[in-house]
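Shown below is the structure under consideration.
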Amino acid sequence: MIIALNNKSNLDRNEFLTYQEGLRKLEANSTLIVCPTYLNVNLVNLTNIHHGAQNVSCTNNGAFTGEISAKDLKAAGVEYCIIGHSERREYQRESLTEVHEKLLRLLENDITPILCIGETKAQRENNEVERVLKEELETAIEGLTDEQKNRLIVAYEPIWSIGTGIIPTIEEIEEVFRFIKTILPNTTILYGGSANEKNIDILKTSPLIEGYLLGGLSLKPVELQTFINKLENR
Ligand code: 13P
């Protein structure tokens, strides 16, 4: 199992340093990945958790004010990077082409992309789930070799579930996971959206879910350990 922690735009320097001491105590058989803010990326100093980031520039180093390149992330020790999160697609108007470029920059720099995809509530109600996910996936992976596709991690995050406390049914999740596998048969797929220490008992009944991308829960190491214990039957 993979458990990726998306801190989003949370934890200032001192808060992160305290939080990191909580993370240091986590015990898990799963692969844990912490994705802090850019400013906290260089503070990561953990042996039990892999090093991630939340975003990357579409471009290599150059005259791109405010951007952080994949090369710079690599030099900072980053091994995994989230791209295409629905919050960036919505608030930063990140396009399908930009997500594709980001994915390429990560692969060029030997960083594993965690590609987020997901539909809105309206799209689900209009039976557009497969259309939306197919478009987000196929544009992102265009031109990739099979070997590159197998290096990806996909995170299915229904937008209506993120931060709402509502999770899809296991049937809804499995339907989507099976669909993603028709496009990317060998790619690891995570579930994200309000996953927590309470609903993990339900989520873990699905053999298709290969890990989780956690937002709110990522900030709470004690509850996170409960989540891990339940997931791993510890
Ligand atoms: P929540 O776990 O807070 O719903 O966030 C999920 C998410 O967006 C992780 O990337």
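We count ligands from 1, going down the list as the structure has it; atoms in each ligand are counted the same way.
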Contact (N/O only, under 3.5 Å) between Thr164 and ligand 1: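 N/O-N/O distance below 3.5 Å does not exist for this pair.
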Residue and atom name of the nearest protein heavy atom (relative to atom 5 (O) of ligand 1), distance in Å to one decimal: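 The protein heavy atom lying closest is Lys8 NZ, 3.3 Å.
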Pick from Gly216, Ala155, Cys35: the one approaching atom 3 (O) of ligand 1 most closely through a non-hydrogen atom: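 It is Gly216 whose heavy atom sits nearest to atom 3 (O) of ligand 1.
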N/O separation below 3.5 Å, Leu213 to ligand 1: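 In fact, backbone or side chain, Leu213 has no N or O that close.
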Ligand-residue contact atoms, ligand 1 with Gly193, heavy atoms, under 4.0 Å: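 Counting from 1, the qualifying ligand atoms are 4 (O), 6 (C).
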contact_flag Gly192 ligand 1 heavy-atom lt 4.0 Å: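 No, that is not the case, since the closest heavy atom of the residue is not under 4.0 Å from the ligand.
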Sole residue of Asn109, Asn60, Asn61 in side chain to side chain contact (heavy atoms under 4.5 Å, CB included) with Ser69: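 Considering Asn109, Asn60, Asn61, a side chain to side chain contact (heavy atoms under 4.5 Å, CB included) with Ser69 is found only for Asn61.
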Test of ring centre spacing under 6.0 Å for Phe227 and Tyr212: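 When the ring centroids of Phe227 and Tyr212 are compared, they turn out to be within the sub-6.0 Å range.
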Heavy-atom side-chain contact between Ile202 and Ile170 under 4.5 Å: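 The answer is yes; the side chains approach within 4.5 Å.
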Atoms in ligand 1 flagged as close to Gly163, the criterion being non-hydrogen separation under 4.0 Å: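 Here the atoms of ligand 1 in question are 1 (P), 4 (O).
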Protein heavy-atom partner closest to atom 7 (C) of ligand 1 - residue, atom, separation in Å: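 Heavy-atom neighbour on the protein nearest atom 7 (C) of ligand 1: Glu157 OE2, 3.1 Å.
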Leu217 to ligand 1, any heavy atom closer than 4.0 Å: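 Distance cut 4.0 Å: Leu217 fails for ligand 1.
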Ligand 1 N/O within reach of Gly215 N/O, cut-off under 3.5 Å: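 Yes, Gly215 has an N/O under 3.5 Å of an N/O on ligand 1.
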Same apolar cluster: Leu133 and Ile114, side chain cutoff 4.5 Å: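 No; Ile114 is not reachable from Leu133 via cluster members.
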Validation row: Val132, Glu136 side chains within 4.5 angstrom (heavy atoms):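 In contact.
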Exercise: do Glu94 and His85 side chains pair donor with acceptor under 3.5 Å: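 No, because no side-chain N or O of Glu94 sits under 3.5 Å from a partner of the opposite role on His85.
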Single-linkage hydrophobic cluster Leu203~Val176, side-chain heavy atoms < 4.5 angstrom: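 Cluster IDs for Leu203 and Val176 match.
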